[in-house]
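Letters A, B, ... mirror the listed sequences (proteins, then strands); counts begin at 1.
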Amino acid sequence: MAINIRSTLLALLSSLMLSSALTGCTGDSEDPPKEKDVEEESFYSAPFEDGKYTEPVTISTVFPVSSNMKFKNGENIEDNVHTRWAKETLGIDIEYLWTVSEQNNAYETKLRLMLTAGEKMPDIVAFRGDAALISDLIDTGQFTDAGVLFDKYASDIYKSAVAEDPTVWNPLMRDDKRMGLPILENAFNNDPVMYIREDWLRKLNLNAPTNMTELETVMDAFTHQDPDGNGENDTTGLSVGFKNDLNTWMSESGWIFGMYGAMPNQWNKTEDNQLVYGSVQPEMKPALLKMQEWMEKGYISSEAGLYDETKATEAFTAGKSGIIVGPYWMTGWPLPDLQRNVPDAKYRAYPLPAGPDGTIGRHGTSISSGAILINKDMKHKDAFFVYQNYLFDHWANPESTTFPHGFAKGYDYDIGPSGEIYQEAQSDKIPGGWVDAIRYSLTFDGAIIPNLAMNTLAKLAEGAEPANQYEKNLAKRIPEQLRAAKIVIDQKDTVMPEMFTGAPTKTQLARGDMLTRLEKEVLNKIIYGQASIDEFDTFVEKWKSTGGDQMTEEVNAWYQSVQK
Amino acid sequence: MRMKVSKWKKTIILDIMLAPALILTLIFSYIPMAGLVMAFQNYKPALGMTGSQWIGLDHFEFLFSIPENIQLIWNTLIIAGMKMAANLIVPFIFALLLNEIRRIFFRRMVQTIVYMPHFLSWVLVGGILIDLLAQNGGLVNQTLTSVFGMKPIFFMGDGDWFRFVVVVSDVWKEFGFNTIVFLAALAGINPSLYEAAEADGAGRWQQTWAITMPSMLPITIVVGTLALGSILNGGFDQIFNLYNALVFDKGDIIDTFVYRYGIIGGKFSFSTAVGLFKSIVSLVLIVMAYRMAYKLANYRIF
């Protein structure tokens, strides 16, 4: 594992150096001040001056209006502070061919319908979600090689943000061409930490667990020693919910497998650079046995297999369970419910404990959640980069002072009579209420530099003084959230990333559900003690022979193809 | 000749009034049937219905070629069959009982209360059921252990119990609503029949057997025949909210499979093929049941 991380880091570093060398080159050849007049015309597709098109150019697109997106002053997505900003600041007219209110995947459905009807695509399609749809869209052949444009037009900050993890290109590769631009997200955003009831630990005179033995001691005490003091045997040690998956986004149990070097329902990399499906690796066995034992002893609820991620948190927030594992943002939701239900309860974030031989493992967070596709026939393809560069250079860039408090005054911030800043928390003081205007942007969240937010939170948690406005804004978050973020960063070497990010392969499409169903049924029955651990081997055999081997072959073929 | 014209004149107004319904049915029920061709294609959204490759019956073969899918079809038949029987018998008996209540106010109140659950969504009911039936601390199991001294039953995690829960909860949710139709039939029975029977000295039981039951037979046949059409509908939203990996072998049905399988890859063709298969089975069953009803009970809907 450690070797893997090191090699990816190395790859990352070398690609960073490479890209800076490349940008250095292009900077020399394309931006020499003397030749500027000659170069200018060929560089931008329309008259361009001081970061702005002198004659407005148009970007046509489509957009999902999500239910938590709010508008004020009678605005709508076609005409609002963001569209006016794009026109005034950049000389870009944004034209929406259609918009749809995002419920029950309406945006995805509408895009699929567009595909079905063979309609002409807009200049830009930005989509977050199903990799299969992105892949279908690319296969229409209506979109251009975005990689070439990216190399030519993207700003240094934009480039380095994407270069933080070069694997974000993987799902977009077609014959060595980058057919779309990745939409970047915050790194480590969904990586798990362990939350423990601090008051229970103190009451029972225990320390936070750092290894398997200590963890079991704590869970045993939480289960049997009546930590909530109501005289009834009604508490559990650990809250997990694996109705959907073992390795999941909240109330998760992936880390239990991580302690044995396994990570279920994702593709892991082996030492000889092959991808294998985690759920069938032999390391699963001891972890399954542990979970079976924990269920038998009552450390985890006998309903855990029936609970989804949210339902499983209820026992913890109701004060009936002592440990839960999930992302750092659980401190904002749903963990505050604990105080509401049990006023004197106190929880605290802790690092994940180590397994019997000292191994720690957790799932990672994909830093790309979707793609931006650029139409072949788009007239001013550079306009998108002018737009996106600006947001990377000014919105995402922590050094920039262009957006000190938010995107637009009177929308996501306001300034009071004596200069005080009103933001989301003071929503009632902003006329018409707080409205998150950056959510109107073409790529949904403006621009995000993946590794910035969590690292800054971690730095602030260590007591660093906020250096700029960006850091000051982050420092206002609740202290426990900073602490959780720091733990996530401290343990970042334990991440076992999902290595397969391509569109579903042929066998995955044909046999995927049968194999998942088989996997879930057997793993659940083993945990519940309805099947013996020996059935794991039978399951692996059956999984391999009914499509698993073929799937592994296809996934590895994909992996080899993006390695080049 | 003149007769015909005047008849046509007479009905023209009625025909016009019927037209919107006919047109809507045509647009929303018949025209979309053209989309059924997808079931025989390897449908690719980019290529459309006209450009996609024809693959004949491959999707149907696929549905039956996988042993797990045969299990799915059995599960669906068993669950839907049990639901159908229970949803016919329980509302029928309940309507009879309710009809015996003489206090109008009380009867109306009961009727309203029992049909309320029909309007709850399965997301909600599912959440409540999981808590209610929990092994530790669930109300049902607490009662079983403390009052009857039984061992707790893992209702949601044991395949056979799961089917039982699915049927009982579905009946609980729907019987009030299904009762309405029977109550309407009961209200339609000519009261003079009862008066005559009373004059002849028949008791309540005899009246029920000799008057109420035969009068209810036609509507029972109608309801039963129509219900046959849904023999392959196990109730997607219910199962989807209640099931889990432990009961896949006994509780997974065609619809939940199509949902999972279709969602992953946007498989329009396969989903269409399954839909078509279900419709054909329903049609055959309805026609058969209707013929039987005609022969045995001499009852016709059309």
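Residue with the most contacts toward chain B among A:A510, A:G305, A:S301: A:A510 (heavy-atom pairs, distance under 4.5 Å).
Side-chain atoms of A:R517 and B:T256, non-hydrogen and from C-beta on, never get closer than 4.5 Å to each other. You'll find the side chain of B:I130 reaches within 4.5 Å of the side chain of A:Y307, heavy atoms only. Residues A:K525 and B:F248 are not in side-chain contact: their nearest non-hydrogen atoms beyond the backbone lie 4.5 Å or more apart.
Other residues, nucleotides and ligands contribute more than 12 heavy atoms inside 6.0 Å of the CD atom of A:E119. Counting non-hydrogen atoms of other residues, nucleotides and ligands closer than 6.0 Å to CZ of B:F236 gives a total above 12. The environment of OH in B:Y30 is sparse: at most 12 heavy-atom neighbours from other residues, nucleotides or ligands sit within 6.0 Å. Within a 6.0 Å sphere centred on CH2 of A:W98, heavy atoms belonging to other residues, nucleotides or ligands number more than 12. Within 6.0 Å of CZ on B:F62 lie more than 12 heavy atoms contributed by other residues, nucleotides or ligands. By the 6.0 Å contact criterion, NZ on A:K542 is open, its count of non-hydrogen atoms from other residues, nucleotides or ligands being 12 or less. Atom NZ of A:K120 has more than 12 neighbouring heavy atoms from other residues, nucleotides or ligands inside a 6.0 Å radius.
Only the side chain of A:K243 comes within contact range of chain B, judged by heavy atoms closer than 4.5 Å. Proximity to chain B is absent for every atom of A:F242, based on heavy atoms less than 4.5 angstrom apart. Neither the backbone nor the side chain of B:D158 has a heavy atom closer than 4.5 Å to any heavy atom of chain A.
A:Q530 contributes no side-chain N or O that, together with a main-chain N or O of B:L246, makes up a donor-acceptor pair within less than 3.5 Å. No side-chain donor-acceptor contact under 3.5 Å links B:Y261 to the backbone of A:R511.
The CG atom of A:L518 sits 7.0 Å away from the CD atom of B:E68 when rounded to the nearest 0.5 Å. A:D513 CG to B:D252 CG: the interatomic distance, rounded to the nearest 0.5 Å, is 7.5 Å.
Across A:E303 and B:Q135, no two heavy atoms sit closer than the pair OE2-N, 2.6 Å.
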* Given side chain to side chain contact (heavy atoms under 4.5 Å, CB included), test A:L306 with B:F154 step by step and report yes or no. => CA-CA 11 Å; A:L306 278 46; B:F154 195 14; 4.1 Å; yes
